[in-house]
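Just below is one structure, and these are the notes that go with it.
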Amino acid sequence: KGFGVDAITDLEYGFLGELKEAVSQLEHGVCESVTVRFVNHDEDLVPHWHALFRSFQHINPYGAGVKLNIQSIELNEEVMRHICSNLRRRNISQVIFFDNGFSNLRNAIIELGKALKSPKLKSLTWSGNPIESTGDMELFTRALSQSDAVDELTFRWNGNENAQALLSGVDFSTFKVLHLSCNNLQINGRTDIPDLIAANPPLEKLYLYKNSLNDDDAVL
């Protein structure tokens, strides 16, 4: 299909290699973490995705849960829907979406919102996945606020405006850990951070490094 050398390497050793390993481990009941990465959408790869989704039925429903890492992938609506369906139905305790592209971001966020209803899902990472529409960001914050069990959020490389929308739009009252670094967040002396800490007694860890904060922003 005219893939370049780098794309072929990523496909063989990244996507296909890691997916094959994950399926084998899941089927043998010895899998704690699944990583799928480095591929653009291609219809020829759909059977491989479905093999992964079928193997999720072997996840122990009573254990600590599996971590799912989706990285540097172009996700179409069907694949994202299946990912989120498994997040909702299986014992997956952590999910990472890092540096991905979405054929329909709004629908992807809608599906993610359904997945966040899982009582098993405790940790969400959404990093480097640009949300450019104000409406889509509002949908994202609403989905987070309505989550049933997530108490750890990593939200990095998503920009100042989106980070501010997160701070103002999400109910973090049940969250224990927030990673909000690397967003170029600018508070400019407002009380967003002290207010966040004061309003959320369960909060144990708050990461804010590599943002554009000044000394006044550190006053609690």
Side-chain angles (χ1 to χ4, degrees), residues 1-105 107-118 120-131 143 149-150 152-158 179:
K1 287 199 171 187
F3 291 115
V5 174
D6 291 342
I8 292 174
T9 300
D10 286 344
L11 181 61
E12 182 176 359
Y13 296 102
F15 179 75
L16 292 177
E18 290 176 328
L19 188 145
K20 181 179 179 181
E21 180 181 5
V23 169
S24 176
Q25 290 180 346
L26 285 164
E27 290 178 345
H28 288 86
V30 294
C31 186
E32 297 180 354
S33 178
V34 175
T35 295
V36 187
R37 55 183 175 175
F38 302 145
V39 71
N40 291 327
H41 175 69
D42 190 302
E43 290 297 329
D44 290 343
L45 299 178
V46 170
H48 297 283
W49 279 110
H50 284 300
L52 175 65
F53 298 144
R54 285 194 300 272
S55 70
F56 283 158
Q57 68 182 307
H58 299 288
I59 295 175
N60 181 355
Y62 304 108
V66 169
K67 178 172 73 173
L68 177 60
N69 179 14
I70 306 294
Q71 178 181 344
S72 301
I73 290 182
E74 181 185 305
L75 295 165
N76 74 346
E77 291 185 56
E78 179 187 2
V79 171
M80 184 62 178
R81 184 169 61 252
H82 280 291
I83 290 172
C84 291
S85 174
N86 280 281
L87 289 174
R88 189 170 66 251
R89 295 183 297 113
R90 308 297 182 190
N91 186 12
I92 299 174
S93 58
Q94 304 175 59
V95 63
I96 298 170
F97 290 98
F98 176 61
D99 189 34
N100 297 295
F102 300 88
S103 62
N104 188 322
L105 179 58
N107 280 354
I109 295 172
I110 290 172
E111 293 298 331
L112 179 63
K114 297 175 185 177
L116 293 177
K117 293 293 186 181
S118 168
K120 303 284 190 178
L121 187 58
K122 306 296 184 182
S123 174
L124 168 66
T125 293
W126 184 274
S127 294
N129 308 298
I131 301 178
V150 171
E152 179 173 336
L153 172 67
T154 298
F155 188 83
R156 299 184 292 182
W157 295 296
N158 292 303
H179 296 257

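Atom set for the values below is all heavy atoms of this structure, side chains included, hydrogens, waters and symmetry mates excluded.
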Q) Nearest 0.5 Å, what's the NZ-OH distance between Lys120 and Tyr62? A) 8.0 Å
Q | For the student: nearest non-hydrogen atoms of Ala64 and Ser93, plus distance | A | O-OG, 3.4 Å
**Q.** Worked verdict on Trp126 versus Thr154 for side chain to side chain contact (heavy atoms under 4.5 Å, CB included)
**A.** CA-CA 6 Å; Trp126 184 274; Thr154 298; over 6 Å; no
Q.
Looking at Lys67, I want to see if its NZ is surrounded by more than 12 non-hydrogen atoms of other residues, nucleotides or ligands under 6.0 Å.
A. no
Q.
Quick one, Leu116 and Leu124 - any side-chain contact, counting heavy atoms below 4.5 Å?
A. yes
**Q.** Between CG on residue Leu45 and CG on residue Asn76, distance to nearest 0.5 Å
**A.** 10.5 Å
Q: Not counting sequence neighbours, which residues clear side chain to side chain donor-acceptor pair (under 3.5 Å) with Arg89? List them please.
A: Ser85
Q: Look only at the side chain of Asn86 and the backbone of Cys84, and say whether a donor-acceptor pair between them is shorter than 3.5 Å.
A: no
Q. Short question: side chain of Trp49, backbone of Leu52 - any donor-acceptor pair under 3.5 Å?
A. no
Q) Under the side chain to side chain contact (heavy atoms under 4.5 Å, CB included) criterion, do Leu68 and Leu87 qualify, and how do the steps go? A) CA-CA 9 Å; Leu68 177 60; Leu87 289 174; 4.1 Å; yes
Q | Any residue meeting side chain to side chain contact (heavy atoms under 4.5 Å, CB included) with Asn40, in chain and number order, not counting sequence neighbours | A | Glu74
Enumerate, atom names and distances included, each donor-acceptor pair closer than 3.5 Å involving a side-chain atom of residues 19-33, sequence neighbours excluded.
{"residue": "Glu21", "atom": "OE2", "partner": "Gln25", "partner atom": "NE2", "Å": "3.4"}
{"residue": "His28", "atom": "ND1", "partner": "Ser24", "partner atom": "O", "Å": "2.7"}

Q) Do any N or O atoms from the side chain of Asn91 and from the backbone of Ile59 form a donor-acceptor pair under 3.5 angstrom? A) no
(Q) Ser123 vs Val150, test: side chain to side chain contact (heavy atoms under 4.5 Å, CB included). Steps then yes/no. (A) CA-CA 5 Å; Ser123 174; Val150 171; 6.0 Å; no
**Q.** Any side-chain heavy-atom pair of Leu75 and Ile83 under 4.5 Å
**A.** yes
Q: For His58, enumerate each residue passing the ring pair (Phe, Tyr, Trp, His ring centres under 6.0 Å) test, keeping only those at least two apart in sequence or located in another chain.
A: none
**Q.** Which residues share a salt bridge (Lys or Arg N to Asp or Glu O under 4.0 Å) with Lys114, sequence neighbours left out
**A.** Glu111
Q. For the residue pair Ser127 and Trp157, what are the closest heavy atoms and their distance?
A. CB-CE3, 4.1 Å
(Q) Within the 4.5 Å heavy-atom criterion, are Glu77 and His82 side-chain neighbours or not? (A) no
(Q) For the OG1 atom of Thr125 and the CD atom of Gln71, what is their distance to the nearest 0.5 Å? (A) 11.0 Å
Which side-chain N or O atoms in residues 94-101 pair as donor and acceptor under 3.5 Å with protein atoms at least two apart or in another chain?
{"residue": "Asp99", "atom": "OD2", "partner": "Ser72", "partner atom": "OG", "Å": "3.1"}
{"residue": "Asn100", "atom": "OD1", "partner": "Ser72", "partner atom": "N", "Å": "3.1"}
{"residue": "Asn100", "atom": "OD1", "partner": "Ile73", "partner atom": "N", "Å": "2.9"}
{"residue": "Asn100", "atom": "ND2", "partner": "Ile70", "partner atom": "O", "Å": "2.9"}
{"residue": "Asn100", "atom": "ND2", "partner": "Phe98", "partner atom": "O", "Å": "3.4"}

Q: Before giving the answer on side chain to side chain contact (heavy atoms under 4.5 Å, CB included), spell out for Glu18 and Arg37 the whole-Å C-alpha distance, their side-chain angles and the decisive distance to 0.1 Å.
A: CA-CA 8 Å; Glu18 290 176 328; Arg37 55 183 175 175; 2.8 Å; yes
**Q.** Gap between atom CD1 of Ile110 and atom CZ of Arg81 - 0.5 Å precision
**A.** 12.0 Å
Q. Roughly how far, to the nearest 0.5 Å, is OG of Ser103 from CD of Glu78?
A. 10.5 Å
Q: Could you check if a side-chain atom of Val34 sits within less than 4.5 angstrom of a side-chain atom of Val66, using non-hydrogen atoms only?
A: yes
